[in-house]
2 protein chains.
Amino acid sequence: MAPKYQQIAERLRAQISNGSLRPGQRLPSEPELAAEYDASRNTVRLAIAALTNQGLVTSRQGLGTFVLEPARPFTALLSRTKATPDEQHASMSLPVVSPAADESEMVRLIVETGSASRNVAERLGIEPGDQVIIRRSQLFIGDVPWQLINSYYPTDVAKGTPLEQAGRIETGSVGLLAQLGYPQQGFVDEIGARMPDATEFDFFKLASGTPVIVVSRTSYSSDRPIRLTRYIYRGDRARLLRVEGNVPDTYRHA
Amino acid sequence: MAPKYQQIAERLRAQISNGSLRPGQRLPSEPELAAEYDASRNTVRLAIAALTNQGLVTSRQGLGTFVLEPARPFTALLSRTKATPDEQHASMSLPVVSPAADESEMVRLIVETGSASRNVAERLGIEPGDQVIIRRSQLFIGDVPWQLINSYYPTDVAKGTPLEQAGRIETGSVGLLAQLGYPQQGFVDEIGARMPDATEFDFFKLASGTPVIVVSRTSYSSDRPIRLTRYIYRGDRARLLRVEGNVPDTYRHA
DNA sequence: AAGTGGTCTAGACCACGGG
DNA sequence: CCGTGGTCTAGACCACTTC
């Protein structure tokens, strides 16, 4: 015999998946559910908490609890079959293939100096606590928060360069690094998922229970790491696409 | 003024991050915390639920609530600079680089026939509901559940072949497909993250709040999809590694 | 003002794990 | 046995939204 709150959650889940509770629709209020299932309001709230953690519903004070729309994922390319390495590295962000890349728009860029955490130091080949120059960007597609980008540069690479200033880098940061004597010759991507921190939670307006995907790209020039870039996406709306070998052109799953 | 349960959560979070509560250590019991913070036990439980959802602690009935060990991630390779395409595709699973691949061990393989979901059908170029042959594997590293692999084959490809039988494929499934007239010529990877379903939750013995990473690989032969393989990892212990261009050999971050 | 979810209390009994 | 977390109740008051 499953606990009562799990039974209530199961009934509501079933109503959501069979369509009798549609996306956007309001659930019965907590007192109504309590009466319907002969339970206390706290027990009903336990059931709703379970559904919230699974990303099925979201509650708003004063309004009610609503079935979430299934997320339409955006897709970012990790590689392109036909792009030259230059093209592939020119853009600061990973290219977006769906929907149209034109909608992409950067709205905020913060440049600051900080000390390297253990993880950052390890990848940049410096000591934890060493100064690094950090460029933080927030990108939107239309008005939807799409990704956070945090780039870390060793001080000896970026000190006294336009990288230290806020504002767009006209030639692209890869081009600028090449001009500075650090042509990008390769990179390593590490891909992981975790629960968001408070900043990420707020930026993406996440529902509780939604993870983020993190792509950590360490770029190298002549065997020396020159940059670490972290691309952070909300897990429920991002798909990373990678193509290898010959595949038909019809792989663009919406 | 933040709600009391958030204040309690914040205090406990601070004790965890500053080391006064160490990984593996038991938290004070719920009645003790209630007394310490002059709160009811339900309020303490709200605070603990918040920490659980963030993957910081886990509770076990009859024992207590414990600070989780920070996960030591395993790393799987999405690409290798020096491997030939054949080497790269020979293994059913993505190669593990850390720790030693020798520890990898498959313990369970189930082969069944089912009907294609919308997502599977779309990628295999068939109709939803069409029959597909499904091979499900569970892999461990040592005795740690490491990944789930679900492979979907169109019936006209796999019907009457060893793919339909349980048991290892001696030449590797890619070699077998080539013998059957479907040499693998390319693939598309789609990478995403989501919260686990019940099967995944049990297999990985996940704590509430841990996402899974899913790599969906569609393999093509002569412009025709011949297989869809889903590699499912627990998000807190998996890192996917991808190398492009020339990088030093020291990128093996433990 | 009325209805919603958010927070909180002070109890109760149950299920599990270890001595 | 006892102490742990798991479930559940029946209230209360607060904060937010809409009318």
Side-chain angles (χ1 to χ4, degrees), chain A residues 1-13 15-16 21 24-68 198 201-202 205-209, chain B residues 1-13 15-16 21 23-68 198 201-202 205-210:
Chain A
M1 183 73 170
K4 192 186 278 189
Y5 78 95
Q6 285 182 17
Q7 296 179 37
I8 299 174
E10 193 43 58
R11 297 271 292 267
L12 291 173
R13 239 192 307 270
Q15 291 180 44
I16 289 171
L21 280 173
Q25 193 174 337
R26 213 201 76 187
L27 269 62
S29 74
E30 293 176 357
E32 284 167 357
L33 287 170
E36 178 178 348
Y37 291 101
D38 189 28
S40 76
R41 202 184 135 209
N42 276 345
T43 300
V44 167
R45 282 180 65 77
L46 267 186
I48 290 177
L51 299 180
T52 300
N53 284 337
Q54 292 163 40
L56 293 175
V57 304
T58 188
S59 298
R60 275 178 294 172
Q61 197 173 39
L63 290 178
T65 300
F66 300 83
V67 181
L68 279 176
F201 190 86
D202 291 340
K205 299 181 175 58
L206 291 178
S208 164
Chain B
M1 183 74 171
K4 193 186 276 189
Y5 78 95
Q6 285 182 17
Q7 296 179 37
I8 299 174
E10 192 45 55
R11 297 270 292 268
L12 291 172
R13 238 191 309 268
Q15 291 180 45
I16 290 171
L21 279 173
Q25 193 174 337
R26 213 201 77 188
L27 269 62
S29 73
E30 294 177 358
E32 285 167 355
L33 287 171
E36 179 178 348
Y37 291 102
D38 189 28
S40 76
R41 203 185 136 210
N42 276 344
T43 300
V44 167
R45 284 180 62 77
L46 266 187
I48 290 177
L51 299 180
T52 300
N53 284 337
Q54 292 163 41
L56 293 175
V57 304
T58 188
S59 298
R60 274 179 295 173
Q61 196 172 41
L63 290 178
T65 301
F66 299 83
V67 180
L68 278 176
F201 190 86
D202 292 341
K205 299 181 176 58
L206 290 178
S208 164
T210 305

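Hydrogens, waters and symmetry mates play no part in the numbers below; they use all other heavy atoms, side chains included. So you know, we letter chains A, B, ... as the sequences are listed, proteins then strands, and number each from 1.
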Side-chain atoms of Arg45(B) come closest, of dG5(D), dC8(D), dT7(C), to dG5(D)
Residue Glu32(B), side-chain atoms from C-beta onward, closest of dT4(D), dT7(D), dT4(C)
dT4(D)
Send over the distance from [X] [atom1] to [N] [atom2], rounded to a whole Å.
X        : N      : atom1 : atom2 : result
Arg60(B) : dG3(D) : CZ    : C1'   : 15 Å
Glu30(A) : dA2(C) : CD    : P     : 21 Å
Ile48(B) : dT7(D) : CD1   : C1'   : 15 Å
Ile8(A)  : dT7(D) : CD1   : P     : 12 Å
Arg26(B) : dG3(D) : CZ    : P     : 12 Å
Leu33(B) : dG3(D) : CG    : P     : 17 Å
Leu46(A) : dG5(D) : CG    : P     : 16 Å

Nearest-0.5 Å distance that lies between atom [atom1] in [X] and atom [atom2] in [Y]:
X        : Y        : atom1 : atom2 : value
Leu27(B) : Thr58(B) : CG    : OG1   : 11.0 Å
Leu68(B) : Ile16(B) : CG    : CD1   : 8.5 Å
Ile48(A) : Asn53(A) : CD1   : CG    : 12.0 Å

Taking OP1 and OP2 of [N], is either one under 4.0 Å from a side-chain nitrogen or oxygen of [X]?
X        : N      : answer
Lys4(B)  : dG6(C) : no
Ser29(A) : dG3(C) : no
Thr65(B) : dG5(D) : yes

For Arg26(A), does the CZ atom have more than 12 heavy-atom neighbours from other residues, nucleotides or ligands under 6.0 Å away?
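Yes, enclosed.
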Shortest non-hydrogen contact from Ala47(B) toward Ala9(B):
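In this case the closest contact between Ala47(B) and Ala9(B) is CB-N, 3.8 Å.
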Listing time: all N or O pairs from protein to nucleotides 15-19 of chain D that are below 3.5 Å?
from	atom 1	to	atom 2	distance (Å)
dC16(D)	O4'	Gln61(A)	OE1	3.4

Under 4.0 Å from any atom of DNA chain C, heavy atoms only: list the residues of residues 37-44 of chain A that qualify, in numerical order.
Arg41(A), Asn42(A)
Validate the cation-pi geometry between Arg11(A) and Tyr37(A): distance from NZ or CZ to the six-membered ring centre under 6.0 Å, angle to the ring axis within 45°.
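No; the conditions do not both hold, so Arg11(A) does not lie above the ring face of Tyr37(A).
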Quick one: salt bridge (charged side-chain N to carboxylate O under 4.0 Å, His left out) pairs with a partner in residues 42-58 of chain B, sequence neighbours left out?
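For residues 42-58 of chain B, and leaving out neighbouring residues, the salt bridge (charged side-chain N to carboxylate O under 4.0 Å, His left out) pairs sorted by first residue read Glu30(B)-Arg45(B).
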Where the side chain of Gln25(B) meets the backbone of Phe66(B), is there a donor-acceptor pair that is under 3.5 Å apart?
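No; zero donor-acceptor contacts below 3.5 Å.
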Got a donor-acceptor contact below 3.5 angstrom from the Lys4(A) side chain to the Val44(A) backbone?
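Flag not set: sc Lys4(A) to bb Val44(A) has no pair under 3.5 Å.
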